[in-house]
Amino acid sequence: MRLPARAGLHEDIVRAGIELGSELGEEGMTMRGIASRLGVSATALYSHFENKSSILREIRLHGVRVLQTHLVEAMQAVERREQLGAMSRAYIAFARTNPWLYRLIFHGEEIEWLAHELPDANDAQSPFALLAEGVADGVFRPDLDVRDAVFSAWASLHGLAALILDRRISESHPSFPVPDVGAFVEAYVDNLVRAFASGTA
């Protein structure tokens, strides 16, 4: 007979998986490694997750929730016409602070998002879709299709995030060093806002 799962172990496994993945990469994030970090037997993990792939899938879903929380907080902290810039900065900050988790969310296997209970699950791979739901008026230029603009803004920022994480945009790049990546991000976001946002042309 299977014993009751340790309280909170599910969340602990996800947390330990993120820690190990961030430190050692996906190959270093093993069931045995997670169990060792938590001080439990590897068998205990199987009462919550079928295998390593299922842990990675849960970590990705957790990452989407965390990213969406950051974006919502950034959006709600400013006036409507400033939301695109605020969310853009929050998006890049999340990627730079959580590089392994960010890559796992967007560069891993495709997830059937609609099968999971996530806010705006059908738009989970375009986080800026939050701007299209009820707050689009006044955020984007009136001549733009909102959903196309949302996706274009996200695609642009995802490209920037990927280049930064791959160190193609960095202070130490051998051919095109960027003296201050933070200032570069600020200028990039300002230009993106000018291109898309209402009342900034």
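This one's a predicted model, so the numbers in the text were calculated from it and none came from an experiment.
Sequence neighbours left out, the pairs with a member in residues 17-32 that pass salt bridge (charged side-chain N to carboxylate O under 4.0 Å, His left out) are Arg15-Glu19, Glu19-Arg37, Glu23-Arg37. Evaluation of the salt bridge (charged side-chain N to carboxylate O under 4.0 Å, His left out) test over residues 171-184, restricted to residues two or more places apart or in two chains, returns none. Among residue pairs with one or both ends in residues 86-97, those qualifying as salt bridge (charged side-chain N to carboxylate O under 4.0 Å, His left out) are Arg89-Glu186, Arg89-Asp190; sequence neighbours excluded.
Checked against salt bridge (charged side-chain N to carboxylate O under 4.0 Å, His left out), Arg168 has no partners two or more places apart in sequence or in another chain. When the side chain to side chain contact (heavy atoms under 4.5 Å, CB included) test is applied to Ser156, the partners found at least two apart in sequence or on another chain are Tyr188, Leu192. For Asp166, the salt bridge (charged side-chain N to carboxylate O under 4.0 Å, His left out) test picks out Arg103, with sequence neighbours left out. Partners of Asp148 according to the salt bridge (charged side-chain N to carboxylate O under 4.0 Å, His left out) rule, which considers only residues two or more places apart in sequence or in another chain, do not exist here. Asn51 meets the side chain to side chain contact (heavy atoms under 4.5 Å, CB included) test with Ser53, Ser54; sequence neighbours excluded. Applying the side chain to side chain contact (heavy atoms under 4.5 Å, CB included) rule to Glu73 yields the partners Thr69, His70; only residues at least two apart in sequence or on another chain are considered. For Tyr102, the ring-ring contact (aromatic ring centres under 6.0 Å, His included) partners are Tyr91, Phe106, His158, not counting sequence neighbours. Applying the side chain to side chain contact (heavy atoms under 4.5 Å, CB included) rule to Ser172 yields the partners Arg167, Ser170; only residues at least two apart in sequence or on another chain are considered. Applying the salt bridge (charged side-chain N to carboxylate O under 4.0 Å, His left out) test to Asp143 and every residue at least two apart in sequence or in another chain returns Arg141.
Of all heavy-atom pairs between Ile18 and His62, the closest is CD1-CD2, 3.4 Å. The shortest non-hydrogen separation linking His48 to Leu9 is NE2-CB, 3.6 Å. Residues Leu157 and Ile92 come closest through the heavy atom pair O-CD1, 3.6 Å. Across Ala95 and Leu165, no two heavy atoms sit closer than the pair O-CD2, 3.5 Å. Pairing each heavy atom of Ala149 with each of Phe140, the nearest pair is CB-CD2, 3.7 Å. Closest approach of Ile34 to Gly17, counting heavy atoms only: CD1-CA, 4.0 Å.
The closest side-chain heavy-atom distance from His10 to Glu58 is below 4.5 Å. Side-chain contact between Met31 and Ile55 is present, with heavy atoms from C-beta onward closer than 4.5 Å. Here the side chains of Arg57 and Phe49 are not in contact, with every heavy-atom distance at 4.5 Å or above. Contact of the Leu24 side chain with the Met29 side chain is not registered, since no non-hydrogen atoms from C-beta on lie closer than 4.5 Å. Proximity of Leu160 to Phe184: side-chain heavy atoms (C-beta onward) are separated by under 4.5 Å at one or more points.
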**Report entry** Check against side chain to side chain contact (heavy atoms under 4.5 Å, CB included), Ile105 and Asn98
**Finding:** CA-CA 11 Å; Ile105 292 171; Asn98 307 278; over 6 Å; no
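Note that the CD atom of Gln83 and the CG atom of Leu71 stand 11.5 Å from one another [nearest 0.5 Å]. Going from atom CG of Leu144 over to atom OG of Ser152 covers 8.5 Å, rounded to the nearest 0.5 Å. Atom CG of Leu20 sits about 8.5 Å away from atom CH2 of Trp100, to the nearest 0.5 Å.
Cluster membership check: Leu163 shares its hydrophobic cluster with Phe94, using side-chain heavy-atom separations under 4.5 Å among Ile, Leu, Val, Met, Phe, Trp and Tyr. Taking hydrophobic clusters as Ile, Leu, Val, Met, Phe, Trp and Tyr residues chained together by side-chain heavy-atom distances below 4.5 Å, Tyr46 shares a cluster with Leu56.
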